[in-house]
Amino acid sequence: MRKTDLLVLSIALTGVLIGAMGVLTYQKITEHKRALRTEYQDWRKLNLILQKVDDNYVDPVDRKKITDAAVEAALAQLDPHSVYLPPQELEESETNLAGGFDGIGIQFNVPNDTAVVIEVIPGGPSEKVGLLPGDRLLKVDTVDIAGCKYPQDSMVRRMRGVAGTKVTVTVKRGGEVIPFEITRDKIPTHSVDAAFMVGDSTGYIRLSKFARTTFKEFSDASADLRRQGMRELIFDLRDNSGGYMDQALLLSNAFLEAGDTIVYIQGQHRKREDYVADGRGQLKDVRLKVLINEGSASSSEIFAGAIQDNGRGKVYGRRSFGKGLVQEPVFFTDGSGIRLTVARFYTPSGRCIQKPYTPDYAYEVYKRYGEGEMVDADSMNVSKGGILPDVFVPIDTTRASDFYLKCNRKATTMRFSSAYFDTHKAELQAIDDYAVLLRYLDRARLDKKFLEFARVKDGFVPKPGEWEESESYMMTQIKALVGRYSKLGDNAFYHLYLQIDDVFAAAIER
């Protein structure tokens, strides 16, 4: 090939790379390089780029996909809680706080091509058989849903179904592959998980979320406990990730005096706004103790901070999550929406609830284990965000024998409880009194039956001394799980489980 031929070829290739227009004249190159007028301050650059893509891209453009990706990427630069929700995710999010549906009772996401359980709804059918957060979903019945880019909406449809029908969900937990047969049911969307008396004058209420019906549910439950003689309330907000702010305000108002500040919010485009109690609450004379942990967030922190700063009650447990941002919903006509952070929450004394936006924000709670905060009160620091308890209760690490850890990893206790219910359904479903349930459980010889189940089903046999080390702890869990299948439901479960609950014990003692 001659030098002139090489030059012609070089010019031709350059024309293709620069303009994709064939042969380019100097004038056309100059026109192509002319800058489009835009400024960062007016947001026009994003619109211009998307328009240029639409007008000039070499292949057909999926506008929905590109738009969603652009919005998600933009919001991700703001803070961890400003998010875009496609139509299905928005609907599911609203349903979780407002309505009910038939299904198996889990929430999951799909970070790659395998769905991961992020929440097992308390009292739902999945929790009863032993599904756990972190489980990887492999199959629904005989259909593989992992590693094959199975559509998320199709996964949901396969797992949902008419209450009473069965579905087998196979999960991967660590190195184990475990099939769970689950009977679909009405998924509970109530927020009061349990409410009962734990003494002549002390009541206990556990709240799982701040939904649209929370204040009414709480008011009904507390009124019932008052009729039973309640003068002190232990209010359990552990692992309550929040919800509607107005419900936290109403709950706080029930305990506070007129003029007491509940919380205030403030942001770049939101002037300070204080929310103050009106003094008409029905529980101002009830002594209050609030239980929190690293899973208590948002509205839970508003309530705990209001009670603490107004000297209305004591807070027990460990430092809360530290989610102190106000999300304002914006809805679009295509069914999607965004939740945009518009302000921060501050407790009455001026403490910002929000923890810092560190690069490992999503895993910050796990770092607390490594930094010693879960066992040492001195490791807590108000600058890290969240609500610090008045009475710190460390996590208990002394009960975990190797046998216990093996059973925990494979949900042996939960699977045993489910199997026991299958063969004793009539007996358990006839029990509606707590004292009767305790007598039944004491006579059931659950210890021997459980050890046999663990040996036969999972090949787990405790080493010498291991069962003696873990028996009291594990058998209380097992009794609580079996008791949940009685008519008492979650009231039985939590009433029994509180016997091995160190945070509850601290609240009872002081």
Close side-chain approach of F345 to I302, heavy-atom, < 4.5 Å
yes
Before accepting this row, confirm whether a basic side-chain N of the pair K186/D102 lies closer than 4.0 Å to the acidic partner's carboxylate O.
yes
How about F321 and N293: do any of their side-chain heavy atoms sit closer than 4.5 Å?
no
Do D144 and Y150 pair up side chain to side chain, a donor and an acceptor below 3.5 Å, judged on atom types alone?
no
Closer than 4.0 angstrom, basic N to acidic O: yes or no for R212 and E217?
no
Where D185 and A163 come nearest, the two heavy atoms and their spacing
CA-CB, 3.8 Å
Between the side chains of S154 and R157, is a donor N or O closer than 3.5 angstrom to an acceptor N or O?
yes
Determine whether the side chains of Q51 and N47 contain a donor N or O and an acceptor N or O closer than 3.5 Å.
no
Charged N to carboxylate O under 4.0 angstrom, K323 versus E301?
no
Parallel, tilted or perpendicular: which describes the rings of Y497 and F493, with under 30° parallel and over 60° perpendicular?
parallel
When you check the gap from the basic side-chain N to the acidic O, do D490 and R484 get nearer than 4.0 Å?
yes
To the closest 0.5 Å, what do you measure between CG (L388) and CZ (R351)?
7.5 Å
Does this structure show an ion pair linking E294 with R368, if we count only N-O contacts that are shorter than 4.0 Å?
no
Assess the side chains of R184 and T165: does a donor N or O sit below 3.5 Å from an acceptor N or O?
yes
Test item: R319 and M380 side chains (from C-beta on) under 4.5 Å apart, heavy atoms
yes
For the backbone of I387 and the side chain of S320, can you confirm whether one donor and one acceptor N or O come within less than 3.5 Å of each other?
yes
Quick one: sort the F196 and H495 rings into parallel, tilted or perpendicular, breaks at 30° and 60°.
parallel
E176 and salt bridge (charged side-chain N to carboxylate O under 4.0 Å, His left out): which single residue from K410, R136, R409 fits?
K410
One thing to verify: whether D62 and K64 come together as a salt bridge, which I'm taking to mean a side-chain N less than 4.0 angstrom from a carboxylate O.
no
Distance-only side-chain donor-acceptor flag, D390 / Y316, under 3.5 Å:
no
Intermediate values then yes/no, side chain to side chain donor-acceptor pair (under 3.5 Å), Q327 and T341
CA-CA 4 Å; Q327 267 74 56; T341 298; 2.5 Å; yes
Regarding D309 and S349, is there a side-chain donor-to-acceptor distance under 3.5 Å anywhere?
yes
Could you tell me whether K367 and D360 make a salt bridge, using a distance below 4.0 angstrom between a side-chain N and a carboxylate O?
yes
For R344 and C352, which heavy atoms make the closest approach, and how far apart are they?
CD-SG, 3.8 Å
